[in-house]
Amino acid sequence: ARIIDPGGDAEDRRFDAALRPRRLADIAGQPRVKDQLSLVLEAARRRGVPPDHMLMSGPPGLGKTTLAMIIAAELEVPIRITSGPAIQHAGDLAAILSSLAEGEVLFVDEIHRMARPAEEMLYLAMEDFRVDVIVGKGPGATAIPLELPPFTVVGATTRSGLLPAPLRDRFGFTAHLDYYPASDLAQILTRNTVLLDVDSTRQGIEEISGRSRGTPRIANRLLRRVRDYAQVHGEGVVDLSAARAALELFDVDARGLDRLDRAVLEALCRRFDGGPVGLSTLAVAVGEEPDTVETVSEPYLVREGYMVRTPRGRAASMMAWEHLGLVAPPGTPG
Ligand code: ADP
């Protein structure tokens, strides 16, 4: 796995318990989402009813699971955690729904990956707080309606566009999470060095924040590697020189690009004169599957403006040439 992979791995999960903020007030960044959420939660609290179902939408590693847990903590209710891929049969979901306590938060991660029949059961349950439990098989099967106590579904999705409209419409509130500016990541990292009991300097923290691709999960992972480096080669302080040396060791450059990202840009500029070039040709040039280039490297390069997608293929922008220290040919897109 790449060190700048925004998806979680086993080590991330081990640290999550220690590093996850527990309250809305502990969340850094995302001021809009925080304000919206605190309003929705406060209103529900005053009315004494569970809040509307809520959808957390945004790229991996930005805090969707963290927010779901915070919602439950702020409401002082238990949380049940499941995921779309884990619910492949309506029966799986019926078992969960029928055991929910009143007011409980049901967190469904990757909710866009639920099986169709379960999806239908979920949106009926969200609307009417009822499930139809099917008893028996074949022509003799009967549906027995089962009333559920009111509860709150918190869904998380990286692809809200993939949610079927009837399901999307059942959410009263959607939080759109965005990439974090480096200053917010620095705030998160500063808090986490305290939690991990490591000393740091402001420059050390800023060096890590600037290379973390706007993603708290990546920032936390890079922090752990810099801490390792500082403990093995230095005095244990997360400072500028430890950050630079560790991130060079792990091939994360000053802008958060890794070996594959740079290989893609190098190929685009040096071999194909900046493009445009088709995805599969580009993939062959860097020795990767087209799918890997498209899903792993390209989104960040495009988002940051290093690469542009044109109808005739991928092209390097002015920023790509500059990043590689090369002179861009005339006509290079801005
Ligand atoms: P997602 O569910 O969107 O993939 P998570 O909620 O699992 O992301 O967050 C990934 C990690 O990043 C968590 O361990 C959490 O500690 C940290 N994190 C995410 N958002 C924030 C935030 N706003 N402030 C502090 N830490 C955060």
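In listed order, ligands and their atoms are each counted from 1. This structure is a prediction, so every number in the text was calculated from the model and none was measured.
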Under 3.5 Å side-chain donor-acceptor pair for D12 and N220: no
Ligand 1: protein residues within heavy-atom distance under 4.0 Å: D16, L19, R20, P21, I27, A28, P60, G61, L62, G63, K64, T65, T66, Y180, I188, P216, R217, N220
Non-neighbouring partners of Y180 that pass ring-ring contact (aromatic ring centres under 6.0 Å, His included), sequence neighbours left out: none
Apart from L162 itself, residues in the same hydrophobic cluster as defined by side-chain heavy atoms under 4.5 Å: none
For I208, the rest of its hydrophobic cluster, which grows through side-chain links under 4.5 angstrom: I3, I4, F15, L19, L189, L195, L196, V198, I205, I218, L222, L223, V226, Y229, V238, L247, L249, F250, V252
Parallel, tilted or perpendicular: ring planes of F151 versus F129, cut at 30 and 60 degrees: perpendicular
Face-on cation placement of R80 at F107 ring, 6.0 Å and 45° thresholds: no
